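Side chains included, hydrogens not; waters and symmetry mates left out as well; all remaining heavy atoms used. The shown structure was predicted, so the numbers you read here are calculated from the model rather than taken from an experiment.
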Amino acid sequence: MDVRTSGARAADAHAPGAGPPGGRRDLSSTGPGPGLPGGAPDGFAPHPDDLPDGLVVADETGLVTCFNAAAARITATDPADALGRRLEVALPLEDLDGRRWWALTDPYGGLAIRAGQPERNLLLPGGREVLVSARYVRERPTGPVRRVVVCLRGTEARRRTERSHAELIATVAHELRSPLTSVKGFTATLLAKWERFTDDQKRLMLETVDADANRVTRLIAELLDISRIDSGRLEVRRQPVDLAAAVRRHVQALTAAGHTAERFLIRARGPLPRLWADPDKIDQVLGNLLENAVRHGEGTVTIDIAPATPAKPVAEGPPVERTAVTVSDEGPGIPEESMSRVFTRFWRGSKRGGTGLGLYIVKGIVEAHGGTITVDRARGGGAEFRFILPVGTPAYLA
């Protein structure tokens, strides 16, 4: 048997539409290739080794005809040892109860109406877990199986996602428990002993309930934002935004909350391009960055607003104007080894407090606007966050 280095069998090297011996098989020259949905456009020849997932194909007799590079990596099997062997020998799989998978599913002798197997966790020899799905290719709906196409995926990415979701649930449960316990305790006490408290005591308890209710509301809003960011459904409602005015408004709110006005330095260098963005979401970004600088930093918090170097567009056209906002402080800064984790979920730095979701949401909002955000060490030694937004002018005004 002529085994090609690519992992695909060369038994059909002299068939119509086949490429030269030893070369890549043109899966698009004779219609759809094995396991690939449709032919490739413009004569491009897709190759099994180009696929990110493992691909194993067996013919009508159950012999393996394709075993791509990803399948070899996932199963730790040399393609030369798999090609030409029976599917159950080349790819021995067991379910989580230890039963042999191919004997259990019987793709060639099972129900004639079965089209394949949905993705599920199976075990390779040695107990390594892998995600497997299969498709049974028939010439007619109830005809004999002509090919069995198997897709293999590692479980590492899914496990990371599951761990992330579990951590999110645990964090949310912990963060919700404290304010809800406070709300329940104060409301129950007021209902049971209303007459025993003075007006000042009642006001204090109600103010605490109100603050805890606001905390729950913020947490729920963060969860909704994360859900939209992860699913790519974060909506951006663009309007003209004055970034300098927005920054001044946030600084005024912080000074009204008890911070000294001398702690903030706003430097706006213009003229700034007219920015179209979602004002509520930009307020969310600015509020989070300024609150972090005040809470975790020290000294003067400096906010620089300036035009950024125009970005080159992907297609031909004029350069895209951009605006940059930099928030820096004079505190201890962020350790070098933590820089890569700042915008991940649950990162809280050296000081505890909060959910650790704010900067993850900030990054998602900035990227939803087509911008970028980075973190670095400021000149004064503290942390420096810099986000850049394109002007985002609507097409009808461009």
Side-chain angles (χ1 to χ4, degrees), residues 160-161 163-172 174-176 214-215 217-236 243 246-247 250-251 253-254 259 264 277-298 301-305 308 323-378 380-389:
R160 285 196 300 269
T161 301
R163 282 197 300 269
S164 178
H165 287 167
E167 290 174 357
L168 180 61
I169 292 172
T171 300
V172 170
H174 175 75
E175 293 293 330
L176 284 175
N214 288 336
R215 181 177 167 189
T217 301
R218 285 195 302 271
L219 180 58
I220 293 173
E222 286 182 349
L223 292 177
L224 290 174
D225 286 336
I226 288 176
S227 174
R228 295 185 183 113
I229 289 169
D230 289 346
S231 63
R233 296 185 293 106
L234 187 65
E235 294 184 4
V236 175
L243 269 179
V247 168
H250 280 277
V251 169
L254 289 170
H259 299 282
F264 301 95
D278 190 316
D280 293 335
K281 290 182 171 55
I282 296 302
D283 277 344
Q284 196 172 349
V285 170
L286 292 173
N288 192 290
L289 295 181
L290 289 172
E291 184 178 347
N292 279 349
V294 169
R295 179 185 300 174
H296 303 291
E298 297 174 3
V301 176
T302 304
I303 307 102
D304 288 294
I305 312 160
T323 301
V325 178
T326 305
V327 179
S328 58
D329 61 71
E330 299 173 347
I334 298 170
E336 191 70 29
E337 62 272 13
S338 299
M339 290 287 189
S340 60
R341 298 186 290 111
V342 166
F343 297 108
T344 59
R345 292 183 184 179
F346 313 118
W347 186 85
R348 296 184 178 92
S350 59
K351 297 182 180 179
R352 306 295 292 179
T355 60
L357 301 174
L359 290 175
Y360 178 82
I361 294 172
V362 163
K363 183 174 184 289
I365 291 174
V366 171
E367 291 180 347
H369 281 80
T372 58
I373 185 168
T374 56
V375 60
D376 206 341
R377 183 169 291 277
E384 178 181 282
F385 288 89
R386 175 181 171 88
F387 67 92
I388 301 176
L389 297 175

Q) Quick one: does R386's side chain get under 4.5 Å of S328's, heavy atoms only? A) no
(Q) Show, in sequence, the C-alpha distance, side-chain angles and deciding distance for V247 and F264, and conclude whether the side-chain contact (heavy atoms from CB on, under 4.5 Å) test is met. (A) CA-CA 11 Å; V247 168; F264 301 95; over 6 Å; no
Q: Report yes if the side chains of H250 and D283 come closer than 4.5 Å at any heavy-atom pair, otherwise no.
A: yes
Q: Supply the atom-to-atom distance D329 CG to R295 CZ, rounded to the nearest 0.5 angstrom.
A: 13.5 Å
Q.
Do K281 and L234 make a side-chain contact, defined as non-hydrogen atoms from C-beta onward lying under 4.5 Å apart?
A. yes
Q. Of the non-hydrogen atoms in L286 and A246, which two are nearest, and what is the gap between them?
A. CD1-CB, 3.8 Å
Q. Taking NZ, NE, NH1 and NH2 as the nitrogens, is one of them in R218 or E222 under 4.0 Å from a carboxylate oxygen of the other?
A. no
(Q) Any non-hydrogen side-chain atom of V294 less than 4.5 Å from a side-chain atom of H259? (A) yes
**Q.** Student check: side-chain heavy atoms of L389 and V366 closer than 4.5 Å
**A.** yes
Q | Spacing of L357 atom CG and L219 atom CG [to the nearest 0.5 Å] | A | 7.5 Å
Q: Could you tell me whether the side chain of M339 reaches within less than 4.5 Å of the side chain of V375, counting heavy atoms only?
A: yes
Q. For E336, does the CD atom have more than 12 heavy-atom neighbours from other residues, nucleotides or ligands under 6.0 Å away?
A. no
(Q) Determine whether I303 and L290 satisfy the following criterion, side-chain contact (heavy atoms from CB on, under 4.5 Å), listing intermediate values before the conclusion. (A) CA-CA 9 Å; I303 307 102; L290 289 172; 3.7 Å; yes
Q.
I'd like to know whether F343 forms a side-chain contact (heavy atoms from CB on, under 4.5 Å) with I373, so could you lay out the CA-CA distance, the side-chain angles of the two residues, the decisive distance to 0.1 Å, and finally the verdict.
A. CA-CA 9 Å; F343 297 108; I373 185 168; 3.8 Å; yes
Q) What is the distance from atom CZ of R341 to atom CG of L359, rounded to the nearest 0.5 Å? A) 12.5 Å
**Q.** Least distance between heavy atoms, A383 atom then A378 atom
**A.** O-CB, 4.0 Å
Q: Specify the closest pair of heavy atoms between R377 and P332, including all atoms of both residues, with the distance to one decimal.
A: NH1-O, 3.4 Å
Q) From R228 CZ over to I365 CD1, what is the distance, rounded to the nearest 0.5 angstrom? A) 10.5 Å
Q. So do the side chains of F387 and V362 get within less than 4.5 Å of each other, counting heavy atoms only?
A. no
Q. Quick one: CD1 on I361 to CG on D225, what's the gap to the nearest 0.5 Å?
A. 5.0 Å
Q) E384 versus V327: any side-chain heavy-atom pair under 4.5 Å? A) no
**Q.** Gap between atom CD of E291 and atom CG of L254 - 0.5 Å precision
**A.** 8.0 Å
Q) Given I226 and Y360, is the side-chain contact (heavy atoms from CB on, under 4.5 Å) satisfied, shown in steps? A) CA-CA 8 Å; I226 288 176; Y360 178 82; 4.1 Å; yes
Q: Keeping the roles fixed (side chain from S338, backbone from I334), state whether a donor-acceptor pair exists under 3.5 Å.
A: no
Q.
Applying the side chain to side chain contact (heavy atoms under 4.5 Å, CB included) criterion to H369, which one of V236, I388, V285 satisfies it?
A. V236
